[in-house]
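Just so you know, these numbers come straight off a predicted model, no measurement behind them.
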Amino acid sequence: MSPRLFDEWRSERRLKRGLAAYVDALMSEPDADDVAWLAGAACAGDADHAAWELRYARRALGLVVAQRDALDDRTGSLVARDLASAVQADRNVAPAMLKVAERQFNDRLTTYREVLTSRSPSEGTGARLGRALLFIAGTLRASDDMIVRAGDIMARYVGEANDALRKSFGAPSLPDDIPPSQIGR
């Protein structure tokens, strides 16, 4: 095997391991305290509904983070592909409900992506994400305390996704002697 071919094989293998680790992090179950809180705050006591909203949120935010923050432009599409496969294999989804789960996920992905790309001088990203979570979960009017708690959960998910992304694919590093604006020229 030539050194170049071996390097390509190792790089591909490293990418696959990173993808698996990242998608596993996105597929992790939500914290029981968060589920209980969201169930009481927005889901009329329905813990299953709350758990699903938090699963969708973690996965959607993780996909947006991969698309936005990954070092390699391919990472977002590869994460999307592997995440879709993981959702299809998710034991929490009844086979007959797979299309519904995919549609619901895509709806939430669109919402959270819009929230993350919008700017508001009067409200931070965490609060906007928290408000979106509460609205999607069924709350039309949320108190400031509810928005803060939901925003904290969502901000934690974004932070966890960024940590998992760096752990799975590496952290960005720039040469000390070259300004970022000069990279790639």
(request) Not counting sequence neighbours, list each pair that qualifies as a ring pair (Phe, Tyr, Trp, His ring centres under 6.0 Å) and has a residue in residues 55-75. (result) Trp52-Tyr56
Do [X] and [Y] have side chains that get closer than 4.5 Å, going by heavy atoms?
{"X": "Asp33", "Y": "Trp37", "value": "no"}
{"X": "Tyr157", "Y": "Leu54", "value": "yes"}
{"X": "Thr117", "Y": "Arg68", "value": "no"}
{"X": "Phe169", "Y": "Thr75", "value": "yes"}
{"X": "Val100", "Y": "Arg103", "value": "yes"}
{"X": "Arg108", "Y": "Arg59", "value": "no"}

(request) Report the C-alpha separation of Met27 and Leu83 in whole Å, then their side-chain angles, then the decisive distance to 0.1 Å, and conclude whether the side-chain contact (heavy atoms from CB on, under 4.5 Å) test is met. (result) CA-CA 8 Å; Met27 294 297 292; Leu83 183 59; 3.8 Å; yes
Does [X] have any side chain to side chain contact (heavy atoms under 4.5 Å, CB included) partners at least two apart in sequence or in another chain, and if so, which?
{"X": "Ala25", "result": "Ala164"}
{"X": "Ala66", "result": "Tyr22, Val79, Leu165"}
{"X": "Ala80", "result": "Leu63"}

(message) Nearest 0.5 Å, please: how far is CD in Glu160 from CG in Leu61?
(response) 10.5 Å
(request) Could you grab the distance from atom NZ of Lys167 to atom CG of Asn162, nearest 0.5 Å is fine? (result) 14.5 Å
Which donor-acceptor pairs under 3.5 Å do side chains of residues 125-142 form with protein atoms, sequence neighbours excluded?
{"residue": "Thr125", "atom": "OG1", "partner": "Arg128", "partner atom": "NH2", "Å": "3.4"}
{"residue": "Arg128", "atom": "NE", "partner": "Ser118", "partner atom": "OG", "Å": "3.4"}
{"residue": "Arg128", "atom": "NH1", "partner": "Glu123", "partner atom": "O", "Å": "2.8"}
{"residue": "Arg128", "atom": "NH2", "partner": "Val115", "partner atom": "O", "Å": "3.3"}
{"residue": "Arg128", "atom": "NH2", "partner": "Ser118", "partner atom": "O", "Å": "2.7"}
{"residue": "Arg131", "atom": "NE", "partner": "Glu123", "partner atom": "OE2", "Å": "3.2"}
{"residue": "Arg131", "atom": "NH2", "partner": "Glu123", "partner atom": "OE2", "Å": "2.6"}
{"residue": "Thr139", "atom": "OG1", "partner": "Ala41", "partner atom": "O", "Å": "3.4"}

(request) Measure across Val93 and Ala101 and return the closest heavy-atom pair with its distance rounded to 0.1 Å. (result) CG1-CB, 4.0 Å
(request) Quick one: closest heavy-atom pair of Asp163 and Arg166, and the distance? (result) OD1-NH2, 2.6 Å
(message) Check this for me, if you would: do Arg156 and Asp31 make a salt bridge, where the nitrogen-to-carboxylate-oxygen distance has to be below 4.0 angstrom?
(response) no
(request) List for me each residue that meets salt bridge (charged side-chain N to carboxylate O under 4.0 Å, His left out) alongside Arg113, sequence neighbours excluded, and say none if there are none. (result) none
(message) Is there a continuous path of hydrophobic side-chain contacts, each under 4.5 Å between heavy atoms, that joins Val148 to Val158?
(response) no
(message) Using modelled atom types and a 3.5 Å cut-off, is there a donor and acceptor pairing between side-chain atoms of Thr111 and backbone atoms of Asp107?
(response) yes
